[in-house]
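Since the structure comes first, as structure tokens, the remarks are kept for the end.
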There are 2 protein chains.
Amino acid sequence: MEPRSRAARMSATAASCVHCPLADDCLPAAIGLRRATQLLARIGRRRLLRRGDVLFRAGAPGHDLHVLRAGAVKGFVFDDGVEHLTALYLPGDWIGTSAIRSPHAKSAAALETGVVCTIPWGRLERQARREPPVQRWLHDRISRALTRTGAHLALLQGPRDPEVRLIAFLLDLSARYHALGYSATEFRLPLSRAEIGAYLGLAEETVCRNLTALARRGWLDVAGRLVRMRDTAALRTFAPLDTRSPGAAMDAREDVRRNRRA
Amino acid sequence: MEPRSRAARMSATAASCVHCPLADDCLPAAIGLRRATQLLARIGRRRLLRRGDVLFRAGAPGHDLHVLRAGAVKGFVFDDGVEHLTALYLPGDWIGTSAIRSPHAKSAAALETGVVCTIPWGRLERQARREPPVQRWLHDRISRALTRTGAHLALLQGPRDPEVRLIAFLLDLSARYHALGYSATEFRLPLSRAEIGAYLGLAEETVCRNLTALARRGWLDVAGRLVRMRDTAALRTFAPLDTRSPGAAMDAREDVRRNRRA
DNA sequence: CGTAGGATTGAATAACGTCAACTGGAGTGG
DNA sequence: CCACTCCAGTTGACGTTATTCAATCCTACG
């Protein structure tokens, strides 16, 4: 149930890909384990994160890319004193992509203990120029970041139905954990109720109420931060645009209201 | 008041930067006008857009980058039959950045007649490997796209106060038009009321009502799609996180509620 | 064992969305 | 040249519902 944070206790600075569980979806997949380790040892750093640690603050220059290896990180901004979560990062995710060549637009802080690999953008860009696979890797992940943000945005635009938003959030989490090799049905929420609210554009109490409402209906079990999805099929019925099949579903719907020649 | 679409009537295919009014913020700024024109003639295409023309559809493979030269384009998805605008592109903007190396997550259609320059991603990436300035240009613009999306997202997360959202939308438009050399106080809305609603996560009627409410208060004048900002200072007071000064304002607010060591 | 902060529940308010009718201008065709 | 049509925009009344304010519970940790 609980993601075993296998890479939690490790040496503090030298970055190596050898024992990294994410290797097959990261740099080693692009240029091979041997070269990745060499390269990372030269230009990369590893850092241990504890809850609350700040990776960077909004407004700061974006020196480097962070790849989350273990744990969870939130991206957030403050608007008039209230926090908004603009992103939730899980192992394998890239953090700070919006600041390749501009100051950070948001801050990032660790939600729990974890590990990040850090690579200066300059070095990465240089390497990307030399090696097409590195460039592909780079653009591939940036592409993903943009897509994920877009999905989040679309969710926020829908009708403010808290149930739908929560379900979408949970299904997304489930899918991501599953992709990481964890259970898709039982997991621990990396966010507090208030943070979930800040992520979905809802009040904390609304999150609470609808979470218990979903439980009462038998869709899932909730106990504090522990979630057990009981009827994934039912949940999927209420989910908005399916993030897992980006193309098909949307195309079919597109023709309903089409902006024809004026 | 009305953006003079200077580059509207042009030959249909060969792309050249020579007479492009956006040259100094585009490829020519990176590698010089001469080389930019050469390069674009080789790998680029130009296309005339008419209202409703679709640049690409969600799910389609993302072959190439589009740089909007004149006109306005909307990025949108369909969720259960209702349209959501995920982006609004104005001259100078890059369209399709989320699909460098993945299928398009959203569709894009012209809102009015305009012109786009189109460059295949593959060619652009190859060139980016050879020429650092091109790479910088590429990453710079992608960075901007991510930042802009992030700002949009944060806006949608705030309290669902239609007034605030509308003001933020209008100020953003104003700033962008200003940056393009048009009037910052008088412009034509590229979106219908319904589309503004789809962009801000509000109902069409709500947009209407609050637009006239703002006018009644003397903040601005509205006549159909024509907008005249009368009291920009007052409007700015109600705006959420200021997009124009990404750093300062947010940093000051950040310390209010900080996630300290647990 | 005690406390602090997160989570939960309750009640009342305010406001956005919905349904529906109406207006006005632009474009079309007689 | 005028009447007609169509659709974007507007306004009104209503119901629903998420937020807000507040109090309480509970869980984790010291």
Side-chain angles (χ1 to χ4, degrees), chain A residues 2 50-52 74 79-85 111-113 155-167 169 188-216 220-227 257-262, chain B residues 51-52 74 79-85 111-112 155-167 188-216 220-227 257-262:
Chain A
E2 176 125 341
R50 295 167 73 179
R51 174 174 176 74
K74 66 176 175 183
D79 171 17
D80 200 37
V82 304
E83 191 181 72
H84 294 289
L85 296 210
L111 290 161
E112 50 189 74
T113 93
L155 180 65
L156 262 356
Q157 280 177 327
R160 202 214 232 358
D161 187 343
E163 214 148 273
V164 173
R165 293 194 180 178
L166 267 172
I167 291 176
F169 171 68
R188 192 171 182 285
L189 295 172
L191 265 38
S192 72
R193 301 291 192 269
E195 284 169 330
I196 295 174
Y199 184 78
L200 297 176
L202 301 170
E204 178 181 356
E205 299 93 325
T206 308
V207 172
C208 245
R209 273 186 253 272
N210 290 81
L211 224 38
T212 62
L214 288 175
R216 235 194 315 276
L220 47 81
D221 295 336
V222 197
R225 292 202 170 191
L226 263 41
V227 171
R257 286 197 196 177
R258 170 123 299 280
N259 215 344
R260 235 174 306 272
R261 249 221 24 80
Chain B
R51 173 174 176 77
K74 65 177 177 183
D79 171 16
D80 200 37
V82 304
E83 190 181 73
H84 294 290
L85 297 210
L111 290 161
E112 50 190 73
L155 180 64
L156 263 353
Q157 280 176 326
R160 201 217 236 358
D161 186 343
E163 215 148 273
V164 173
R165 293 196 180 178
L166 267 172
I167 291 175
R188 192 172 181 285
L189 296 172
L191 266 38
S192 72
R193 300 292 191 269
E195 283 168 329
I196 295 175
Y199 184 78
L200 296 176
L202 301 169
E204 178 181 356
E205 298 92 326
T206 307
V207 173
C208 245
R209 271 186 255 273
N210 290 81
L211 224 38
T212 62
L214 289 175
R216 234 194 315 276
L220 47 80
D221 294 336
V222 196
R225 293 202 169 191
L226 264 40
V227 172
R257 286 196 195 175
R258 170 121 303 277
N259 216 342
R260 234 175 307 271
R261 253 219 26 77

Using a cut-off of strictly less than 4.0 Å, decide whether Arg225(A) has a side-chain nitrogen or oxygen near OP1 or OP2 of dT27(D).
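So the side-chain polar atoms of Arg225(A) never come under 4.0 Å of the phosphate oxygens OP1 or OP2 of dT27(D).
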Under 4.0 angstrom between Thr212(B) side-chain N/O and dT10(D) OP1 or OP2:
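No, Thr212(B) has no side-chain N/O under 4.0 Å of OP1/OP2 on dT10(D).
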Rounded to whole angstrom units, what separation is found between the [atom1] atom of [X] and the [atom2] atom of [N]?
X: Arg188(A); N: dT27(D); atom1: CZ; atom2: P; answer: 14 Å
X: Glu83(B); N: dA8(D); atom1: CD; atom2: P; answer: 12 Å
X: Glu204(B); N: dA8(D); atom1: CD; atom2: C1'; answer: 7 Å
X: Leu166(B); N: dT10(D); atom1: CG; atom2: P; answer: 12 Å
X: Asp161(B); N: dT19(D); atom1: CG; atom2: C1'; answer: 13 Å
X: Arg193(A); N: dT19(D); atom1: CZ; atom2: P; answer: 16 Å
X: Glu195(B); N: dA8(D); atom1: CD; atom2: P; answer: 9 Å

Does [X] use its side chain to pair, donor to acceptor, with the backbone of [Y] at less than 3.5 Å?
X: Arg188(A); Y: Leu226(A); value: no
X: Arg51(A); Y: Thr113(A); value: no
X: Arg193(A); Y: Gly224(A); value: yes
X: Gln157(B); Y: Leu156(A); value: no

Can Leu211(A) and Val227(A) be said to form a side chain to side chain contact (heavy atoms under 4.5 Å, CB included), step by step?
CA-CA 10 Å; Leu211(A) 224 38; Val227(A) 171; over 6 Å; no
Per-nucleotide protein contact along nucleotides 21-26 of chain D, 5' to 3', at a 4.0 Å heavy-atom cut-off (B base, S sugar-phosphate only, - neither), is BB----
Position toward the 5' end of DNA chain C (nearest nucleotide), Val207(B) or Ser192(A)
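Checking each residue's closest nucleotide, the 5'-ward one belongs to Ser192(A).
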Heavy-atom pair with the smallest gap, counting every atom of Gly201(B) and Arg165(B)
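It is O-NH1, 3.8 Å.
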Heavy atoms under 4.0 Å, any strand shown: does Pro159(A) hit a base, just sugar-phosphate, or nothing?
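Contact class for Pro159(A): none.
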Using a heavy-atom cut-off of 4.0 Å across all strands, would you classify Gly197(A) as base, sugar-phosphate, or nothing?
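No contact.
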Inter-residue atom distance Leu111(A).CG - Arg50(A).CZ, 0.5 Å rounding:
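That separation rounds to 15.5 Å.
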Can you pull the contact range of chain A along DNA chain C, 5' to 3', using atoms under 4.0 angstrom from its heavy atoms?
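Here the contact window of chain A covers dA7(C) to dA11(C).
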Do Asp79(A) and Leu155(B) have side chains that get closer than 4.5 Å, going by heavy atoms?
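No; the side chains remain at least 4.5 Å from each other.
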Hey, are the side chains of Val222(A) and Leu214(A) touching, using non-hydrogen atoms and a 4.5 Å cut-off?
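No; the side chains remain at least 4.5 Å from each other.
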